[in-house]
Participant: 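Please read through the structure below; I'll follow up with questions.
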Amino acid sequence: MSAYARLAFLAIVAALLIASTIAIVRAGSPERQSFKAFYCAGAAVNQRADPYRVEPLRGCEQQVARGTMVPGAVEPAPLPGYALALFALLSRLPVTLAAMLFSLAIAAAGIASALLLARMTGYAAALILLALSPLLLLNVAYGETPPFALLAICASGFLIWARRPHAAGVAAACALIQPNVALPALLALLVFVPKARTSIVVSIAVLTALSAATIGVEKNVEYLRSVLPVQAWSELIASDQYSVSRVLFEAGVAPSLALRIGQLAYAVAIVLSLVLAYVVARRSQRYEAYALIPPAIALLGGVYLHDIQFIVALPAAIFVLSLSRSSAYIRFAALAALLLAVVWTQRPGRAVIAVNAAAVAAVASLSIRRRSMRAAIGATAIVVAFVTGSFAVRALGHAAAPDDPPVAISALPSELAPFAWERYLRSDPDLTRPLYVPKLPTWAALVLLVIVSPASAASLKRA
């Protein structure tokens with residue numbers, strides 16, 4: 001494919017992504033997005049109020065929701081102070097305009113991430129963007145922040161690839177908009193990229209100062225000591241949680257013990273991610289692995305994980321696929337990327353199926369480029385079958401779910417918002433019922449990455 005054809009293909013895919021983003025925002029509107037919680041937390045910051053308490057967060061959200069929220073309910077905004085500084089700026093705009101700008105920024109982050117990955121891997125940026133699109137649009141639909149962490153991680157990897165380690169450290173620190181996603185990458189750079197250490201330390205100091213200036217020292221302490229633990233506790237019952245703690249809780253483990261084991265599992269997953277990043281980087285001489293691999297592998301542990309966050313694992317899968325030379329490794333790396341690219345948790349509407357199918361085709365095309373047609377066709381067939389089955393199970397689950405009227409939520413104005421959020425989750429059985437089948441493909445993909453990453457790097461060295 002010529003350079004002009006690639007550029008035209010990318011322009012078409014980017015235009016479709018932007019058009020889809022605008023359509024989703026117009027159809028869903030801010031009142032149904034998590035964005036409203038971030039927007040209202042930003043408004044609370046502007047009022048010098050506590051953005052982590054029920055009020056004024058609830059009053060603002062109920063006003064933005066315009067009757068679509070359960071009475072008395074409040075959605076927390078468990079973001080650090082430096083992230084809330086951005087939403088404090090956005091909250092000065094009308095909420096509809098702010099939501100649209102935020103969603104377009106998500107699309108722009110996805111496009112930029114695809115371009116950076118294309119430079120590192122040699123793949124067509126349009127194909128990478130198609131592979132990212134299902135999870136990008138999922139984040140648009142919910143109004144969430146992981147795509148910005150995705151961009152920061154891709155930028156950090158690219159800057160390592162371009163031999164600019166100081167800038168790579170700054171980029172990795174920017175991923176702290178999603179702290180549990182960024183921490184593994186930051187640790188990898190601190191340990192394995194000495195020239196990035198100073199910029200990481202300075203960047204963290206700047207973010208700390210920004211947090212203190214935004215919400216004050218006392219509220220930052222409250223965030224670390226109270227908000228994060230209570231948010232993790234409140235989400236133990238949520239059916240959309242992928243965390244180790246949720247699995248243990250569902251198996252009957254006491255909440256406090258489930259959270260502690262989840263924390264330990266996260267620590268173990270981080271160590272494993274650092275070891276794998278080191279092995280891949282040393283075997284392949286591709287040191288961008290230090291930024292790309294750890295955030296993906298660390299998602300195997302933890303106390304707080306949603307489907308929207310797994311978008312940060314896709315760069316690792318695409319990177320590993322680009323390293324693979326053996327047809328067997330290509331097959332498994334492509335399968336991991338396919339399983340991660342598909343959104344498994346949404347109802348099987350035509351738009352969802354179409355976007356997922358485009359992502360499957362894109363990843364299959366990437367693997368075909370590695371001269372393994374049979375592996376690509378086999379992996380695609382497996383995933384398409386799994387997609388169909390998962391959608392069917394998901395649809396049946398929604399059809400069978402009870403349709404009870406919403407119950408008003410009671411919460412004191414001074415309470416931390418996650419306490420009220422836990423009551424809201426308990427009020428709707430559909431939000432707390434066990435749900436594992438749609439999560440299995442994502443977990444399987446991460447395990448595949450653990451297995452195939454070092455082997456793929458070794459095959460590159462032998463080629």
Side-chain angles (χ1 to χ4, degrees), residues 52 76-83 144-146 149 153 172-173 175-191 200 204 207-208 211 219-278 293-313 316 416-419 421-422 425-426 432 434-436 439 442-443 445-447 449-450:
Y52 306 123
L79 295 179
Y82 51 80
E144 294 283 0
T145 59
I153 289 166
L176 283 167
I177 193 169
Q178 287 275 309
N180 59 333
V181 165
L183 181 58
L186 283 172
L187 289 175
L189 266 63
L190 284 170
V191 173
I200 289 174
I204 292 175
L207 291 176
T208 301
S211 288
K219 294 185 184 70
N220 275 286
V221 172
E222 175 185 69
Y223 173 75
L224 295 172
R225 286 186 177 178
S226 302
V227 175
L228 289 179
V230 173
Q231 182 70 20
W233 170 81
S234 72
E235 287 272 347
L236 275 177
I237 63 173
S239 61
D240 63 347
Q241 273 290 317
Y242 282 71
S243 66
V244 171
S245 294
R246 162 66 183 179
V247 174
L248 293 172
F249 175 78
E250 189 60 41
V253 177
S256 58
L257 180 58
L259 289 171
R260 284 198 293 271
I261 295 176
Q263 291 169 347
L264 178 61
Y266 179 56
V268 171
I270 287 178
V271 172
L272 174 62
S273 75
L274 297 183
V275 171
L276 280 175
Y278 176 78
I293 297 290
I297 305 304
L299 291 173
L300 279 168
V303 299
Y304 189 80
L305 287 172
H306 290 91
D307 52 0
I308 53 172
Q309 293 174 298
F310 286 94
I311 194 170
V312 302
L416 289 173
F419 283 120
W421 180 246
E422 191 262 352
L425 292 174
R426 287 192 183 278
T432 57
L435 188 65
Y436 291 112
K439 300 174 185 177
T442 303
W443 287 330
L446 296 180
V447 172
L449 270 182
V450 171

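In what follows, residues are counted from 1 in the order of the sequence shown.
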Participant: Provide the full list of side chain to side chain donor-acceptor pair (under 3.5 Å) pairs with a residue in residues 247-257, sequence neighbours left out, each pair given once.
Facilitator: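 Non-adjacent pairs meeting side chain to side chain donor-acceptor pair (under 3.5 Å): Arg246-Glu250.
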
Participant: What heavy-atom pair brings Leu176 and Tyr82 nearest, and what distance separates the two atoms?
Facilitator: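 That would be O-OH, 2.6 Å.
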
Participant: Quick check: do Leu435 and Asp240 have side-chain heavy atoms less than 4.5 Å from each other?
Facilitator: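 No - every pair of side-chain heavy atoms lies 4.5 Å or more apart.
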
Participant: Just by distance, with hydrogens left out, do Gln231 and Tyr304 show a side-chain donor and acceptor under 3.5 Å apart?
Facilitator: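 Gln231 vs Tyr304: donor-acceptor pair found between side chains.
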
Participant: Tell me, please, which residues at least two apart from Ser243 pass side chain to side chain donor-acceptor pair (under 3.5 Å).
Facilitator: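 Side chain to side chain donor-acceptor pair (under 3.5 Å) list for Ser243, sorted by chain: Gln241.
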
Participant: Would you name the heavy atoms of Ile270 and Pro184 that are closest together and state the gap between them?
Facilitator: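 Closest heavy-atom pair between Ile270 and Pro184: CG1-CG, 4.0 Å.
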
Participant: Looking only at heavy atoms, which two atoms of Ala173 and Leu207 are closest? And how far apart?
Facilitator: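 Looking at all heavy atoms of both residues, the shortest contact is O-CD1, 3.7 Å.
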
Participant: Nearest 0.5 Å please: distance from the CG atom of Leu236 over to the CG atom of Leu248.
Facilitator: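 Taking CG in Leu236 and CG in Leu248, the distance rounds to 9.5 Å.
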
Participant: Which atoms form the tightest heavy-atom contact between Ser234 and Leu425, and what is the distance?
Facilitator: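 Result for this residue pair: O-CD1, 3.6 Å.
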
Participant: List the atom of Ile297, the atom of Ala269, and the distance in Å for their closest heavy-atom pair.
Facilitator: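 Closest pair (atom of Ile297, atom of Ala269, distance): O-CB, 4.0 Å.
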
Participant: Do you know the tightest heavy-atom contact between Leu299 and Ala313?
Facilitator: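 Reported closest heavy-atom pair: CD1-CB, 4.0 Å.
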
Participant: Checking Tyr266 now: which residues fulfil ring pair (Phe, Tyr, Trp, His ring centres under 6.0 Å) with it, not counting sequence neighbours?
Facilitator: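 Listed in chain order: nothing, the list is empty.
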
Participant: Would you say that Asn180 contacts Leu305 through its side chain, given a criterion of any heavy-atom pair below 4.5 Å between the two side chains?
Facilitator: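 A side-chain contact exists here, since the closest heavy-atom pair is under 4.5 Å.
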
